Structures are given as C-alpha cells and as structure tokens.
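The structure displayed is predicted, hence computed values, not measured ones.
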Amino acid sequence: MAAFMNFLMRWFQRLVVLAVLIALGIWLFFIGREHQVYLDNRAYGDYKALEQVNVSVNNGDMIELMTRERDMRKAVGTEFTLKAEVFDENGQIVNTITKTIEPKCSKDIMISLPALAGGAENFILPAPR
C-alpha cells in the first residue's frame with residue numbers, strides 16, 4: 001500500500017509542476033508579447049486629419065506626423081501609454097492627450113489620431129494589411 005501511495009504522490013507532484021509551468025508560460029506570453037502600433041493621421045469618419053501631431057508610445061521618441069501620414073511603433077506588454085500633442089496651423093500646442101491602451105490579444109492595432117483627438121470612443125481600428 002505504501003508503494004502505491006508513493007506512486008500516486010509522485011504523479012500528483014508531476015501534475016502540479018506541469019500545471020505551474022503551463023500557467024507560467026501563458027503569463028510570460030502575455031507580458032512579453034510585442035504589438036505593432038500603427039499611428040494614423042488620416043481622415044476617419046467625421047474627423048478630419050490633424051495639421052500636425054507629435055506622438056510617443058511608452059515615453060519613447062516623439063514622432064511628428066503631418067496630415068495624411070502614418071507611422072508604426074512597437075510596444076511590449078499587456079498595455080502601453082500613448083501621448084499625443086496636437087498642434088494648430090500656427091505651430092502652437094492645442095491639446096495634449098495621454099491614454100493607456102490595452103491591445104488585448106491583438107498583435108497589430110491602428111490608432112486613428114483624429115478620432116482620438118476628437119474624443120471618439122472607437123479610435124482603435126483594425127490594423128492595415
């Protein structure tokens with residue numbers, strides 16, 4: 001009987017270790033996932049393209065996007081911070097927007113900067129193909 005209990009205990013320990021390793025792998029997958037974030041300054045719906053906008057992802061370098069331009073940055077993790085400075089035609093900062101975005105399971109996302117600056121709820125668009 002003792003030999004059988006030792007056998008069951010070894011299998012139970014192996015199953016626990018396996019479950020912990022699987023959970024650790026899933027957790028590492030999500031926190032280490034890289035996302036391609038497309039920053040789009042083109043007209044979207046009722047929102048006109050912005051004259052000029054400077055954007056940074058996760059406090060990285062600021063990107064200057066003029067009307068009808070698009071750029072891409074990479075972000076790692078379950079969420080990232082987007083900071084946008086909107087300029088008017090005279091080169092003065094009109095609005096500064098800071099948003100924390102959770103891309104969920106999407107590998108690539110596109111952010112419509114005119115919709116974001118206009119206060120739209122749906123400023124995250126499907127990534128371009």
Side-chain angles (χ1 to χ4, degrees):
M1 186 67 169
F4 181 70
M5 291 304 287
N6 284 338
F7 174 77
L8 284 180
M9 184 57 80
R10 276 196 312 268
W11 273 102
F12 178 72
Q13 290 170 347
R14 290 176 184 166
L15 287 175
V16 168
V17 168
L18 181 64
V20 168
L21 288 176
I22 289 172
L24 180 65
I26 291 170
W27 180 69
L28 288 174
F29 171 78
F30 282 108
I31 67 164
R33 182 163 187 145
E34 182 177 76
H35 305 279
Q36 291 184 356
V37 181
Y38 294 91
L39 305 165
D40 186 41
N41 189 17
R42 298 179 185 180
Y44 173 69
D46 295 334
Y47 302 101
K48 294 187 323 184
L50 304 169
E51 291 290 326
Q52 176 187 350
V53 60
N54 290 351
V55 185
S56 73
V57 176
N58 280 340
N59 297 320
D61 294 336
M62 287 293 244
I63 309 161
E64 180 180 313
L65 294 174
M66 302 305 278
T67 303
R68 294 185 302 278
E69 286 186 340
R70 181 184 290 167
D71 203 344
M72 188 271 299
R73 289 293 181 251
K74 295 186 183 220
V76 177
T78 58
E79 65 182 25
F80 62 91
T81 303
L82 179 80
K83 181 180 180 185
E85 296 175 341
V86 180
F87 291 83
D88 63 5
E89 54 275 347
N90 299 327
Q92 303 296 320
I93 295 177
V94 178
N95 193 5
T96 301
I97 303 163
T98 304
K99 284 269 191 194
T100 301
I101 299 171
E102 296 179 15
K104 309 277 190 250
C105 292
S106 302
K107 185 177 182 333
D108 302 337
I109 64 170
M110 184 166 64
I111 297 174
S112 173
L113 297 172
L116 175 66
E121 290 290 324
N122 297 329
F123 58 90
I124 298 177
L125 308 173
R129 297 281 172 220

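- Hydrophobic clustering (side-chain heavy atoms under 4.5 Å, transitive across Ile, Leu, Val, Met, Phe, Trp, Tyr) keeps Val53 apart from Tyr38.
- Other residues sharing the hydrophobic cluster of Leu21, ordered by chain and number and joined by side-chain separations under 4.5 Å: Val17.
- The side-chain heavy atoms of Leu18 and Arg14, taken from C-beta on, include no pair separated by under 4.5 Å.
- Annotation: side chain to side chain contact (heavy atoms under 4.5 Å, CB included) contacts of Ile63 (sequence neighbours excluded): Leu39, Leu65, Asp71, Arg73.
- Distance CG/Asn95 to CG/Leu50: 9.5 Å, rounded to 0.5 Å.
- Hydrophobic clustering, with ILVMFWY side chains joined whenever heavy atoms are under 4.5 angstrom apart, keeps Met72 apart from Val37.
- Residues satisfying the side chain to side chain contact (heavy atoms under 4.5 Å, CB included) test with Leu24, not counting sequence neighbours, are Trp27, Leu28.
- Residue pairs satisfying the salt bridge (charged side-chain N to carboxylate O under 4.0 Å, His left out) criterion with at least one member in residues 40-49, sequence neighbours excluded, are listed as follows: Asp40-Arg42, Asp40-Arg70.
- Applying the side chain to side chain donor-acceptor pair (under 3.5 Å) test to Arg33 and every residue at least two apart in sequence or in another chain returns nothing.
- Tracing side-chain contacts under 4.5 Å through hydrophobic residues (I, L, V, M, F, W, Y), one reaches Ile101 starting from Leu113; they form part of the same cluster.
- To the nearest 0.5 angstrom, Glu79 atom CD is 10.0 Å from His35 atom NE2.
- For the atom pair NZ (Lys83) and OG1 (Thr98), the distance works out to 6.0 Å, reported to the nearest 0.5 Å.
- Pairs of residues two or more places apart, or lying in two chains, never qualify as salt bridge (charged side-chain N to carboxylate O under 4.0 Å, His left out) while including a residue from residues 110-124.
- With a 4.5 Å cut-off between side-chain heavy atoms of Ile, Leu, Val, Met, Phe, Trp and Tyr, the cluster of Met66 takes in none.
- Not counting sequence neighbours, Glu51 has no partner by the side chain to side chain donor-acceptor pair (under 3.5 Å) test.
- Looking at heavy atoms from C-beta onward, Ser56 lies out of side-chain contact with Asp61 at the 4.5 angstrom threshold.
- Partners of Tyr44 by side chain to side chain donor-acceptor pair (under 3.5 Å), not counting sequence neighbours: none found.
- No continuous path of hydrophobic side-chain contacts links Met110 to Ile124 [ILVMFWY only; heavy atoms under 4.5 Å].
- The environment of CG in Asn122 is sparse: at most 12 heavy-atom neighbours from other residues, nucleotides or ligands sit within 6.0 Å.
- Closest approach of Ala49 to Pro114, counting heavy atoms only: CA-CG, 3.9 Å.
- Distance alone, capped at 3.5 Å, is enough to place a donor-acceptor pair between the Asp88 side chain and the Asn90 backbone.
- Annotation: the span from Glu64 atom CD to Asn41 atom CG amounts to 10.5 Å, rounded to 0.5 Å.
- Scored by the side chain to side chain contact (heavy atoms under 4.5 Å, CB included) test, Ala120 finds Tyr47, Ala115 as partners (sequence neighbours excluded).
- By the rule that hydrophobic residues join a cluster once side-chain heavy atoms approach within less than 4.5 Å of another member, Ile109 and Leu82 end up as members of one cluster.
- Applying the side chain to side chain contact (heavy atoms under 4.5 Å, CB included) test to Leu15 and every residue at least two apart in sequence or in another chain returns nothing.
- The other members of the hydrophobic cluster of Ile93, by chain and number, are Phe87 (side-chain heavy atoms under 4.5 Å, ILVMFWY only).
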